[in-house]
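Working notes, beginning with the structure itself.
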Amino acid sequence: MFDEDLRQRLSRYTETLHVQIPAPAGAIQRARQHAIRRIIVACVAVSAVTGGSILGAVRLMPTPSAQKPSAAGITLFGDAPIPRGVETTLATAESEATFSLRRPDDALAADDSITHVWLSSTEPQQAAIEYRSGILVLVQLAQFTDPAAQYAKVAKEFGSSYVTAIGDAPALVIYGASSDVAGSIDMVIKGVRVQIRSGDTPLSIDEMLRIAGSVDQG
Amino acid sequence: MRDEAATAFQRVWDREYVRIVRTAFLMTGSREEAEDLAQESFAIAWRKWGHVGTLERPGAWLQVTVGRLALNWRRRRRRQPQPLATPEAGPVEPVLVDPQLTRALWTLTPGQRAVIVLRFYADQSVDQVARGLGKRPGTVRALTSQGLARLRLILDENGVAQDVR
């Protein structure tokens, strides 16, 4: 049921993105440039073997991105991990956030290893904290009326996850690439929802639970 | 012969361009990048037109191609230093129409988002997505399940899933 709802919703959502169809000449031109670059790369390889050099010619070739369409750009995601996220400092985020910025204090995720902090400029307000380890923590006011029930429903319907409690907080552990790796942990602590994501490096479930357990629940 | 190919390519372009841009938009969240990736997909299609032109559904091939390009695009961006993102004002865009869905999509990892978009927006099968993204079918199924779980959490939180019924 949710699958079908999602299909309809995605379809309706994208219909509101108005796209003008340009002429296909730009794409065909790109294809020609790809072909020319491949020939030049082959020549460079041959040249390297024979001692000659045509690297200068390669540098003169335009890249495909130089042919970007000139449509008015609108970026929803940008480089922030939250929509309309604006990079800021931890101190600013703490003072401007409308919720307590609950975050871990662990060897893999502590204040002294924070690399980026973002605060969204749209409602509902959300904060994101990235650590040197690649771990990403998203914080916002929880809107679940009953997080434990919500988590149980999701785990039952989709699998790949299980419900647990971390301290007094109901939590959902979502598996990563396999069931011994945690992709993320979602928990609600006194009305604040904290999501901890493992980033590019797979972490064991025990490691993720330890990090989640280090979040202050006071 | 080349004229015939150009005519056929133009037909596919006219029919599929908007959908390819929208597919890329769901994965990147950027109209400009989506249009760039769509053009890149069509450029690859033109280079391989001898094969793509014979396909029953060239649009399906374009969609998984733009999905793969979008994944690579995110990996490249993560490796490059980027200027700070700033909120932009603009005409009525999807983010303003459906902020919950935008937010929900953004909670997914790039891999989950690519799989969810290709499965549920582009209507691709698990095997098609696996072939297109160079992943195993089991991985695609796992990413689908994880992505749906995350989406459900966010959309249900705001009562959105119920609203669409």
Side-chain angles (χ1 to χ4, degrees), chain A residues 2-3 5-14 16-17 19 21 24 26-28 30-31 34-35 64-65 67-69 71-87 121-122 126 138 143-144 150 153-155 157-161 172 174-175 177 183-184 186 195 197, chain B residues 6 9-10 13-14 17-18 21-22 25-26 28-33 35-36 39-40 42-47 77 82 84-88 90 92-95 97-99 101-103 106-107 109 116-117 120-121 123 139 142 145-146 148-153 156-158 160-161 164-165:
Chain A
F2 181 70
D3 296 6
D5 291 342
L6 182 62
R7 279 182 216 280
Q8 291 174 17
R9 194 165 185 84
L10 287 170
S11 183
R12 282 207 302 265
Y13 177 66
T14 55
T16 59
L17 179 72
V19 179
I21 305 177
I28 292 174
R30 275 189 193 209
H34 288 171
S65 60
Q67 301 294 316
K68 278 184 178 180
I74 178 160
T75 302
L76 311 183
F77 302 152
D79 298 299
I82 47 179
R84 308 278 184 176
V86 177
E87 185 154 11
S121 56
T122 53
Q126 209 177 1
L138 306 179
Q143 293 173 44
F144 298 135
Q150 183 65 28
K153 190 166 84 174
V154 170
E157 188 167 352
F158 297 108
S160 300
S161 57
L172 180 70
I174 299 179
Y175 299 136
S184 67
D186 200 295
Q195 297 170 67
R197 292 208 224 151
Chain B
F9 182 78
Q10 172 86 52
W13 173 277
D14 291 343
Y17 181 81
V18 172
V21 171
R22 287 173 172 171
F25 180 80
L26 287 172
T28 64
S30 160
R31 170 197 282 275
E32 189 180 3
E33 295 293 351
E35 296 197 350
D36 188 44
Q39 292 231 359
E40 188 67 12
F42 276 98
I44 296 170
W46 177 246
R47 256 174 40 217
R77 278 177 74 92
Q82 300 289 330
L84 298 183
T86 51
E88 296 179 47
V92 175
E93 293 286 353
V95 68
V97 173
D98 199 342
L101 189 59
T102 304
R103 196 161 65 87
W106 193 238
T107 65
T109 65
I116 290 288
V117 169
F120 297 100
Y121 178 68
D123 283 332
T139 305
S145 179
Q146 293 155 12
L148 286 175
R150 279 192 179 171
L151 285 177
R152 182 73 188 240
L153 275 175
D156 268 8
E157 183 181 36
N158 296 286
V160 174
V164 299
R165 292 195 174 111

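As the structure is a prediction and not an experimental result, all values here were calculated from the model. Just so we're on the same page: letters track the sequence lines, and every chain starts at 1.
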Exercise. For A:I174, is it the side chain, the backbone, both, or neither that has a heavy atom closer than 4.5 Å to a heavy atom of chain B?
Worked result: side chain
Problem set entry | Derivation and outcome, side-chain contact (heavy atoms from CB on, under 4.5 Å), residues B:F120 and A:R9 | CA-CA 10 Å; B:F120 297 100; A:R9 194 165 185 84; over 6 Å; no
Problem set entry | Selection from B:I116, B:V117, B:V21, B:T107 maximising heavy-atom pairs under 4.5 Å formed with chain A | B:T107
Seminar exercise, completed: Among B:V18, B:D14, B:L148, the residue with the most heavy-atom pairs under 4.5 Å to chain A is B:L148
Exercise. Parallel, tilted or perpendicular: which describes the rings of B:F9 and B:F42, with under 30° parallel and over 60° perpendicular?
Worked result: perpendicular
Problem set entry | Residues which pass side-chain hydrogen bond (donor to acceptor under 3.5 Å, both in side chains) with A:S184, listed by chain and number, not counting sequence neighbours | B:R150
Seminar exercise, completed: By side-chain hydrogen bond (donor to acceptor under 3.5 Å, both in side chains), B:T139 pairs with (sequence neighbours left out) none
